[in-house]
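In what follows, a single structure is set out as structure tokens and then discussed.
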Amino acid sequence: MNDLIVVDALTEAQARAELERLAAALLRANEAYHTADAPEISDADYDVLKRRNAEIEARFPDLKRADSPSDQVGARPAEGFAKVTHAVRMLSLGNAFDDEDVADFDRSIRKYLGLSDVAPLAYTAEPKIDGLSLSLRYENGALIQAATRGDGEVGENVTANARTIADIPQQINGAPEVLEVRGEVYMSHADFEALNARQAETGGKPFANPRNAAAGSLRQLDSQITRARPLRFFAYSWGQLSATLAETQMAAIERLQGFGFQTNLLTRRCASPQEMIAHYREIEAQRATLGYDIDGVVYKVDDLSLQGRLGFRSTTPRWAIAHKFPAELAWTRLEAIDIQVGRTGALSPVARLAPVTVGGVVVSNATLHNEDYIAGRDAKGGEIRGGKDVRVGDWVQVYRAGDVIPKVADVDLSKRPDDAAPYIFPTRCPECDSTAIREEGDAVRRCTGGLICPAQAVEKLKHFVSRKAFDIEGLGTKQIEMFHADEVLPINTPADIFTLQERDAQNLARLKNRDGWGDTSASNLFAAIEEKRTIPLARLIFALGIRHVGEVGARDLALHYRDWDAMANALDDARPAALAHRAADEAEAAERIAAADEGRRAKIKEARDAATAACDVSEAAASAWADLTDIDGIGAALGLSLSDAFANTDERAAFDVLRAHLTIVPPEAPATESPVAGKTVVFTGTLEKMTRAEAKARAEALGAKVSGSVSKKTDLLVAGPGAGSKARKAAELGIETLDEDGWLALIGDA
Ligand code: IVH
């Protein structure tokens with residue numbers, strides 16, 4: 001790149017030759033990126049080539065090629081945007097699907113805040129815009145940064161693009177020094193139709209729906225393209241602020257409007273769940289004539305100080321919820337039922353459908369969940385679809401709810417072919433032929449092959465490298481499949497990823513010499529792997545792919561234990577209690593079955609004996625188990641599954657080997673300056689100024705660990721009136737004890 005001639009000095013012949021070379025190089029780079037999913041050049045180098053091409057074209061407009069890379073829109077996706085760490089995380093919303101869920105939302109808020117059923121509690125209700133969220137940062141009134149949501153913590157810097165949107169003010173008056181305005185970028189129906197018509201004329205690919213069009217337009221590396229796209233913006237929320245905006249949600253939205261933002265005119269204040277639902281119906285009735293897509297109604301607690309008290313769960317606020325509109329439906333033919341084996345061994349039936357459009361998206365697969373679902377039964381033996389089973393050849397009704405995988409809602413029996421036979425669910429794994437068993441009370445049949453099942457191993461690895469886990473650039477689904485099948489340089493366990501480069505170096509058949517790989521792509525991959533040797537604890541826990549341990553659970557575990565070894569040791573300590581818990585569960589299940597089946601007496605006795613034997617666990621085990629399952633959001637099912645994974649010799653060995661390759665970063669202490677950060681706190685007795693749930697969430701937000709039982713590890717007991725054995729035990733152990741006011745004074749909330 002160093003010996004390039006300055007553009008001004010190029011002759012016409014040189015320019016023509018170079019444009020040809022650049023077109024070829026950029027085409028190759030795009031293909032490597034998309035088709036092989038293995039980029040050959042860095043984003044920065046790609047940008048250099050693209051800029052050079054544009055400069056030469058600007059000087060020699062007549063030489064611009066018909067296949068000029070400048071006209072290839074979206075060839076290289078968003079990797080080129082700089083990353084922005086949000087000062088305040090951008091969260092998503094929990095969902096309500098019916099009126100009862102809305103009533104539950106109100107009840108849970110009242111319970112959390114300790115409000116009676118009749119205490120006044122107002123909410124706002126507003127349309128949920130179907131676009132993509134954007135955070136706009138203003139300092140001293142000037143727009144200085146715009147960022148997409150990304151994974152909620154880190155988004156993409158799309159400032160240049162946001163500046164092209166007319167609804168977004170560049171300068172505002174009377175705002176706090178720091179103001180982050182959040183809202184939704186969207187495209188109207190009319191603009192979407194016109195854009196697709198233009199795309200068709202110019203040979204471009206049409207967008208599937210306005211949301212995709214808005215996302216594709218905002219995430220353009222070239223802001224001139226964004227400028228040509230008619231994007232709009234509704235403001236509905238905020239991030240970091242140097243001064244509060246107002247006392248209520250409604251008043252805050254009015255202030256945003258005063259700053260010059262578009263806010264949604266269908267936003268109302270509602271005094272009860274009944275009024276919220278009435279407004280939902282009103283918005284639903286207007287949905288078709290609004291001129292833009294909405295997919296539900298968002299309810300928010302109006303009083304901002306109550307929003308503050310309610311705070312957040314791991315990824316959603318407690319003070320807001322999205323009431324979704326019912327999903328769209330379509331009928332089509334079920335052509336086949338395939339079984340997929342997931343990373344936890346679950347055999348998942350998938351409906352292969354004659355392609356059909358549902359809500360603007362072509363659907364050709366749908367989930368059939370499990371064998372009961374196919375048979376028309378739910379988990380409790382009740383009927384679904386009126387008890388109709390699903391057969392290959394049937395006409396089925398499919399629906400999409402939000403972004404989730406389509407589901408089969410109904411079967412048209414009048415169109416069932418005469419030769420359609422009931423589906424027989426396999427009892428052996430289609431991938432490794434191990435038996436597939438269904439445990440008592442489990443709806444899912446699982447392959448028992450464990451890591452010898454190639455499907456499970458490869459799915460675990462795909463999960464391990466996925467975006468929310470290790471997120472290793474250049475090591476995606478395709479590459480994992482390739483390496484898993486590779487005999488020379490195999491990846492069979494996560495740890496193998498981190499020895500790849502070393503093994504490659506010892507090998508004669510070097511990766512860089514293989515088909516589809518080159519010097520650059522191989523060394524890029526090794527560099528991307530090196531980069532992820534340092535990994536946040538929550539990501540590592542999530543990456544292990546343990547059943548029930550999702551992103552949220554992993555984050556909760558990381559925040560609680562803060563350290564891998566501490567977590568592993570706690571799980572070892574808790575193991576006897578975990579087993580006792582399972583034994584007790586099994587005894588209970590056996591008894592339930594016995595009530596219906598006399599012949600199983602022996603089985604119950606066995607289960608009961610096991611439960612009695614297992615009950616006798618040490619206090620340390622019981623306390624470690626309680627400590628685990630007391631974490632907000634972590635229940636017995638997750639606890640058991642985690643405990644099983646860590647107690648399984650093969651899996652534990654794989655974890656230990658992996659761990660040795662990594663530097664694990666503890667979660668950032670939520671509040672290091674807080675006087676209770678890192679301390680173990682126990683609440684007992686009646687709290688009068690807040691509910692137990694609120695006290696616990698508040699303490700955890702300040703970096704404390706809240707435990708249910710007093711032990712030598714307890715640092716502080718907060719005892720309200722009526723405290724009993726825990727207070728006595730704390731006194732015996734000499735543990736500091738405060739009353740509720742003392743606690744509030746300590747954390748600065750008095
Ligand atoms: S409030 C802390 N209000 O829905 C929660 N979100 O499913 C802030 N959305 O990520 C979000 N319309 O992109 C809120 N009126 C509205 C919304 C809205 C659309 C989007 C937003 C959010 C997603 C969650």
Side-chain angles (χ1 to χ4, degrees), residues 86-97 101 105 109 123-136 146-156 158 162 167 180-188 209-212 214-215 218-219 231-241 245 248-250 252-254 256-257 261-270 276 279-280 282-284 286-287 290 292-302 304 306-325 327 400-404 551-552 701:
H86 297 297
V88 174
R89 271 196 306 138
M90 287 182 83
L91 296 162
S92 55
L93 293 169
N95 289 326
F97 294 102
D101 291 347
F105 169 65
I109 287 180
Y123 296 89
T124 57
E126 69 200 60
K128 182 171 188 296
I129 316 298
D130 196 7
L132 67 155
S133 48
L134 186 67
S135 186
L136 304 168
T148 60
R149 184 174 137 192
D151 64 3
E153 267 164 39
V154 178
E156 287 165 343
V158 291
D167 284 348
E180 281 182 3
V181 176
R182 291 182 176 173
E184 204 83 352
V185 173
Y186 67 102
M187 194 178 282
S188 75
N209 52 47
R211 206 199 87 84
N212 287 3
L218 184 68
R219 298 169 80 244
L231 293 175
R232 297 168 189 237
F233 181 78
F234 272 129
Y236 52 63
S237 169
W238 50 89
Q240 200 178 28
L241 296 173
L245 290 175
T248 64
Q249 175 77 29
M250 203 68 189
I253 295 300
E254 276 156 23
L256 294 181
Q257 204 181 8
F261 290 95
Q262 301 297 319
T263 60
N264 199 289
L265 296 175
L266 285 167
T267 310
R268 295 273 183 287
R269 186 173 182 277
C270 302
M276 288 146 76
H279 192 50
Y280 170 91
E282 164 97 36
I283 292 176
E284 193 179 27
Q286 294 191 37
R287 184 179 184 189
L290 289 177
Y292 51 86
D293 276 352
I294 63 173
D295 56 350
V297 173
V298 182
Y299 306 125
K300 299 171 185 169
V301 169
D302 191 34
L304 296 184
L306 294 184
Q307 282 191 9
R309 277 181 61 192
L310 286 158
F312 305 92
R313 299 179 209 94
S314 310
T315 59
T316 56
R318 287 195 189 81
W319 44 264
I321 200 163
H323 187 176
K324 302 296 276 285
F325 291 134
R400 289 171 56 239
D403 270 340
V404 294
E551 207 193 345
V552 175

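Numbering of ligands and ligand atoms starts at 1, following listing order. Position 1 is the first residue of the sequence; numbering continues from there.
Atom 12 (N) of ligand 1 has its closest protein heavy atom at I129 N, 3.0 Å. With respect to atom 24 (C) of ligand 1, the closest heavy atom belonging to the protein is L93 N, 3.5 Å. Distance from atom 8 (C) of ligand 1 to its nearest protein heavy atom, with residue and atom name: S237 OG, 4.2 Å. Of the protein's non-hydrogen atoms, Y236 OH, 3.0 Å is the one closest to atom 21 (C) of ligand 1.
Using a 4.5 Å cut-off on side-chain heavy atoms (C-beta onward), Y292 and I129 make contact. Annotation: side chain of Y123 is in contact with side chain of V301 (closest heavy-atom distance under 4.5 Å).
In A320, neither the side chain nor the backbone holds a heavy atom less than 4.0 Å from any atom of ligand 1. Contacts with ligand 1 closer than 4.0 Å are made by side-chain heavy atoms of K300 only, the backbone lying farther away.
Taking distance alone, with nitrogen or oxygen atoms compared against 3.5 Å, E184 approaches ligand 1 more closely than that limit. Considering backbone and side-chain N/O atoms, F312 never comes within less than 3.5 Å of an N/O atom of ligand 1. Close N/O approach between V298 and ligand 1 is not found [any backbone or side-chain N/O within under 3.5 Å]. Backbone and side-chain nitrogen or oxygen atoms of K128 are examined, and one is located within less than 3.5 angstrom of a nitrogen or oxygen of ligand 1.
Remark: ligand 1 atoms within the under-4.0 Å shell around heavy atoms of E126 are 3 (N), 15 (N), 16 (C). Under a 4.0 Å criterion applied to the non-hydrogen atoms of R149, ligand 1 contributes the atoms 10 (O). Counting the atoms of ligand 1 from 1 in the order shown, those under 4.0 Å from a heavy atom of L91 are 10 (O).
A donor-acceptor contact shorter than 3.5 Å links the side chain of D302 to the backbone of M250. Looking at H279, its side chain never comes within 3.5 Å of a backbone N or O of T267 through a donor-acceptor pair. At least one donor-acceptor pair closer than 3.5 Å links the side chain of E180 to the backbone N or O of Q240. The backbone N or O of E156 sits less than 3.5 Å from a side-chain atom of T148, completing a donor-acceptor pair. A donor-acceptor contact shorter than 3.5 Å is absent between the side chain of T316 and the backbone of R313.
Taking 4.0 Å as the cut-off, A322 does not count as a neighbour of ligand 1 on heavy-atom distance. Within the structure, ligand 1 has P127 among the residues with a heavy atom less than 4.0 angstrom away.
The distance from the NE2 atom of H323 to the CZ atom of F105 is 11.5 Å, given to the nearest 0.5 Å.
Between F234 and Y186, the ring-plane angle classifies as parallel under the 30° and 60° cut-offs.
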**Request:** Check step by step if side chain to side chain contact (heavy atoms under 4.5 Å, CB included) holds for R232 and S188.
**Result:** CA-CA 8 Å; R232 297 168 189 237; S188 75; 4.0 Å; yes
